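The chain is numbered in sequence order, starting from 1. One-based numbering, in listed order, for ligands and for the atoms of each. Please read all numbers here as calculations on a predicted model, not as lab measurements.
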Amino acid sequence: MIANGGTVMRESIDNNLFDSLVNRNYDWVIEMETATGKLKFLYSNDKMSDSGIDAENISTYEELIKVFRDYYVVNYEKEAYDKYTDLENVYAMLENENCYIRTVHINVGDGVRTEYIRISRVDDERFLICLINITMFLDHDWMTDEYSRAGFISKAEEMMKDPKYSSGYSLVYTNVKGFKAINDFLGTYSGDMIIFMLRDILLRELKPDLLARLESDHFVMITKTELLTPELFERICPQTYIDGSKRLPFAIRFGIYNIKNPNRTIQHMLDRAKLAEKSIGKEHVESFAVCDDKLSTEYSTRRKLISEVDAALANKEFKTFYQPVVDAKTGEIVSAEALVRWIHPERGMVSPIQFVPAFEEEGHISKIDNFMVGNVIDFNKKRIEQGKRVVPCAVNLSRVDFYDTKLLDETILRLDERSDMGDLIKFEITESAYAVLEEDAYLFLVEMKAMGISLLLDDFGSGMSSLSTIGTFAFDVIKLDKGFISQIGVSEKAEAIIKHTIGLSHDIGAKVVAEGVETEEQLAFLREADCDMIQGYYFYKPMSEEEFEKIL
Ligand code: C2E
Ligand code: MG
Ligand code: MG
């Protein structure tokens, strides 16, 4: 009936409802007669009976308040407690409000617990006095009744002190592939049902010692490593959600961290289990991955790099490199792409592939992109002032930049100062970033376009390409991905697609840059296919500002 064990006296409330209300969270539910101050215990948690707070020993409000104070309330709160539980004061408060709530911290066997004292008016004759353990709310997930993130971490920390967990146990993290689609297509009710399904599967199949829902479709648990077999995952990973005539398949993926050293923080273990799950990649051929040493080292490197961003910016460790883009027919430099490089004092030159994705996740990329925009503008400004030749330079925008209008605002400000600079800066946005832009972010692009800034669609043809992308926004330039270019001379199909993409782009008024051109053969094909511009090692590699100045 009641999880913690408790004494219930009630007449009219539906049993199940009452149990679910008091289950776990309520320590007492007591009714008080206004006229006499007499109490009636509707529910009292048995755990509280040590203190003598029960129907046999306590009959008035004053007694209740005093015994509770002396037995439970932490010393530093006793004075405040006396004031706000004073009956005069309670009456005064309830003049204006129907319900009066105060937080109180109490001493219990295993530490201090946070509770709510809630006094509410039932009618003119009665008040209801409840004591609610809100530590439980903080520790538990309201939806599944399993632990929440906070509850998991504190509970797991406690568990790790038990020598039994020093070997043979793992921390497992879950992710439902396609969960967002299910929420979008079938609505949140179905999404919720999947969360319940998932919880039941995890409890049944992984028999966790501890289970929590972190958020959304992400559960985390501590369970015996020997249970985590490939056969198990193969069996439980593919699932189908059925709602009437609708059937939606989804897949559960698991990231596993084998606990070798229980002294590590729980966050450390969780980060690595998540990392393992992420490493499975989009193709999801595997349903689970275990965090190994390589992943772990990569992760530590990433964390280290992330922690160093601000200092590195201040120390001017980031540099802007330029890769010239040439006219396909003449070979003349017509523009350039600005590419960030991190000249790290210990690691040497760090490639953006190593830090850009990590910075995107942590929200640092906009600082870098903002810095790049500033550098590109300053570079061209300086050259104009010196009366030297200038070409437009393109800065890469990350998906994240669209959620922080600071970058756009600052760019507008910078360009307002120099109206002649507008033509000299361009922005590149990758096809995959463009595909997931939301309405507001899209308007950001429209605004830039209205300012006369050229926009390039980067990496076109990589991943989930769709020709319709070209049609949905008036990009000035389409950049064919180097993955495509490398297929020249290898795949006739790819060659046909390149030719047609160039034709199509021209039809809608966009120019085409081929990226990653490395060979004579590729160049010849692209010229033949009427490609406008070429970027690639065949002509130039990315170079420092000084080198770029020499060839411009
Ligand atoms: P991207 O924007 O597609 O840049 C082109 C990448 O291809 C550059 O790599 C460039 O060095 C490389 N590349 C150019 N020609 C060739 C070639 O002929 N062969 C080969 N194998 N590679 C070639 P890089 O500089 O390592 O940059 C990688 C990616 O990192 C960029 O891809 C871009 O998505 C991102 N990135 C670079 N700088 C920035 C930045 O300042 N901000 C943001 N948000 N992303 C940046
Ligand atoms: Mg680019
Ligand atoms: Mg590119």
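In this structure, F318 and W342 have tilted ring planes: the angle between them lies in the 30° to 60° band. Between H218 and Y173, the ring-plane angle classifies as parallel under the 30° and 60° cut-offs.
In this structure, R341 counts as a contact residue of ligand 1, since one of its heavy atoms falls inside 4.0 Å of the ligand. Judged by the shortest distance from any of its heavy atoms, E337 lies inside the 4.0 Å radius around the atoms of ligand 1.
Under 4.0 Å from ligand 1, the heavy atoms of D458 that appear belong solely to its side chain. Of all the heavy atoms of T430, none lies under 4.0 Å from any atom of ligand 1, so neither backbone nor side chain is involved. With a heavy-atom cut-off of 4.0 Å, D481 does not touch ligand 1 at all. Only side-chain heavy atoms of K482 come within less than 4.0 Å of ligand 1; its backbone N, CA, C and O stay farther off. Counting heavy atoms under 4.0 Å from ligand 1, residue E515 touches it through the side chain alone. Counting heavy atoms closer than 4.0 Å to ligand 1, residue D369 contributes side-chain atoms (C-beta onward) but none from N, CA, C or O.
There is no protein heavy atom closer than 4.0 angstrom to atom 32 (O) of ligand 1. Proximity of atom 43 (C) of ligand 1 to the protein is indicated by at least one non-hydrogen atom lying closer than 4.0 angstrom.
Per residue E428, closest N, O or S atom to the Mg ion (ligand 2): atom name OE1.
Taking the Mg ion (ligand 3) as the apex, the angle formed with OD1 of D458 and OD1 of D459 is 90°, to the nearest 10 degrees.
A distance-only check finds no donor-acceptor pair linking the side chain of R247 to the backbone of D243 [under 3.5 Å]. With hydrogens and angles ignored, the 3.5 Å screen pairs no side-chain donor or acceptor of T188 with any backbone N or O of G191.
Rounded to the nearest 0.5 angstrom, R302 CZ and F355 CZ are separated by 12.5 Å.
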Distance-only donor-acceptor hits, side chain of residues 326-334, under 3.5 Å, sequence neighbours excluded:
| unit_1 | atom_1 | unit_2 | atom_2 | d |
| --- | --- | --- | --- | --- |
| D327 | OD1 | K329 | N | 2.7 |
| D327 | OD1 | T330 | N | 3.2 |
| K329 | NZ | D530 | OD1 | 3.4 |
| T330 | OG1 | E332 | N | 3.2 |

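Within the 2.8 Å limit, E337 places no N, O or S atom next to the Mg ion (ligand 3).
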